[in-house]
Asker: 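Sharing a structure, written as C-alpha cells. Questions coming.
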Amino acid sequence: MASFFDGELSKSLLVLAMASALAACGGESGGSDDDSDTAEEEHDHEGGRLLYSVGNASGISLYDQTNEEAPFTETAITTSEVGVDIVLASSGLTAAMIDSGTLYLIDSGLEHHDDEEESNEAEEAHNESPSKEAVTLEGTVTDLVATHEYISVVNGANSSVINPEDGSVVASFSDVAYPTLALSGGHYLIFEDIDSMTDITVVEDDQSPLDPSVSGSCTSGVQATAQTEHLTQVLCGNGTLLSFVAQEGETDTSFTLSQTENSGLENLVATASEYDVIAGWAADAPKLTLFKISEATVVSADVTSEVSSPAILDVAALTSDENDVLGVLGSDGRFFALTFHAEGTELEIDDNDKFQLESGQTWSSSDRVLADSEAFIAINTESQTLYFIDGHDEEDYHLHSSESGDENLAELTSAVLAHVQEEHGEEGHDEEGHDHD
C-alpha cells in the first residue's frame, strides 16, 4: 500500500464534483422569473469533507459532500482523546491534530486527478477514506497552528515548523512559548516568555534577530494570530494588536511593526485576497474590522454596521483570491456574505447579501461557519443541522440547502472543511516588489 505521504504534492489536482448535480437555486435569491430553460437547469456544486471532533466521543467524524448516499461517518479517524483540536493546512487537503501529546497529519482523502485522455469526462474524483500519520518529534506536543504552507507546533520547550505534506521538519527553534510563524523571505516570528511577557521577534532561520531588531511584546499571552502573504497579525490577551508587514525588495525582505492598543478584538481571520486583508472581530460588542497593507503601513476599516445581529458567533473567508467574501454568522441566525473591496487605498464593503438561515432556530457560541473557495457551511449544534450557502451564476449569496446531521454535532468542539483549492491568480502579483496599493 502506498504511503500516506507518497507524491502528495506531485499529484496534479482535479476539481471535485458533487456526486450528483444539485438543483439551481432561484426565487428570493435573485433568480429570474422568466420561463426560460435556465430556471430548470442544474449546476454542479463542488464538495468538500467536513472533519470534526466532539466532546463526548473519541475520534474524528466526517461529513462528505461528495458522497450522496452516506455522507456521515461517525469515526473516520480514530483518536484516544475526545474533542481533539483540528487545524487545516493551506492546501485545503491536509489537516493536523494533537492526540495524547503526539502530532498527527490527516490526509482528507480528497484527490485531484486530471486525465486528458478522458476528453468527454474532463474531471473525475478518485477519493479515498481519510487517514492519519504520526509525526515523530522530541517532547510532548502541546500547541498547533497553521502558518502559510506549513504547520507549526510547540513540542516541549521547542517549536517545530512542519511540512504538512511529508511530515518533515522545515525549521526548529528553542525556548519558545507559542508555535513559530513562517514569514516571507525565509524569516520566522518566534514567541519567548521573558519576565511575565511574551516577546515576539522576527528572526532568521538560525534564530538570530534582524539588525535592527523588529520586535514587540504581549501581556496576558497570545489570543490569536492570522497571516496573509505579507501581513502577520498577533492579537494579545489584553487586546493589543501587533501588525508585522513584510516588504520584499530586490535582494532581501524587510519588516516593519505597528501596534494598536485596546483593539477591542477577540479573533482574527485571514482572507485569500491578493491585497493582504485580515478581518478582526469580537462577539458581544459586536465588532468587525478589516485590515490591509497600504504603502508598507496597515490601514483599517470598521465595518461593524454591516452586521445587523446582536452578536457575532463566527467569521470565515473564502479561500480563493477570486472571491473576496467574508461569511459572518450572527447570534440570531442571520448570515451575512460581505463582499469587500481592497484595491488601491480603498477598504470597504461592496455588497452585503444577508438572510435568515432558519426562523425559530436557537444559535450559540458553539456554532460555526466554514468556507471553501466558493461556498460556506454553517453548523447549528442545537438542531445538528448543516446549512449550505453559495452564490453561483453571479447570483447573490443565499441558502442553497440544509441537511439534518449526526446527533454528535450537539457536542461539536472543532471542525475544518477540507477541500480542493482553486489556483490563486498570479496576474499582476509579482513575488518581488508586490504592490500592496
Asker: Which pair of non-hydrogen atoms, one from Ser184 and one from His230, has the smallest distance, and what is that distance?
Answerer: OG-CD2, 4.3 Å

Asker: Would you mind listing every ring-ring contact (aromatic ring centres under 6.0 Å, His included) that reaches into residues 304-336, with sequence neighbours excluded?
Answerer: Phe335-Phe355, Phe335-Phe376

Asker: OG1/Thr225 to CZ/Phe244 distance, rounded to the nearest 0.5 angstrom?
Answerer: 11.0 Å

Asker: How many angstroms lie between atom CG of Leu241 and atom CD of Gln233, to the nearest 0.5 angstrom?
Answerer: 4.5 Å

Asker: We want to know whether Thr240 and Gln259 form a side-chain donor-acceptor pair, criterion being a heavy-atom distance below 3.5 angstrom.
Answerer: no

Asker: Just by distance, no angles: are the side chains of Thr180 and Ser152 close enough, under 3.5 Å, to form a donor-acceptor pair?
Answerer: no

Asker: I'd like to know if the side chain of Asp85 pairs up with that of Ser414 as donor and acceptor (distance under 3.5 Å, no hydrogens or angles considered).
Answerer: yes

Asker: Between the side chains of Ser220 and Asn238, does any donor sit under 3.5 Å from an acceptor?
Answerer: no

Asker: Residues in ring-ring contact (aromatic ring centres under 6.0 Å, His included) with Trp281, at least two apart?
Answerer: none

Asker: Looking at residues at least two apart in the chain, or sitting in another chain, which of them share a salt bridge (charged side-chain N to carboxylate O under 4.0 Å, His left out) with Lys287?
Answerer: Asp302

Asker: Do Thr228 and Asp276 get their side chains close enough for a donor-acceptor pair, meaning under 3.5 Å?
Answerer: yes

Asker: What is the distance from atom OG of Ser300 to atom CD1 of Ile278, rounded to the nearest 0.5 Å?
Answerer: 12.5 Å

Asker: Can you find a side-chain donor-acceptor pair between Tyr52 and Asp406 that sits under 3.5 Å?
Answerer: yes

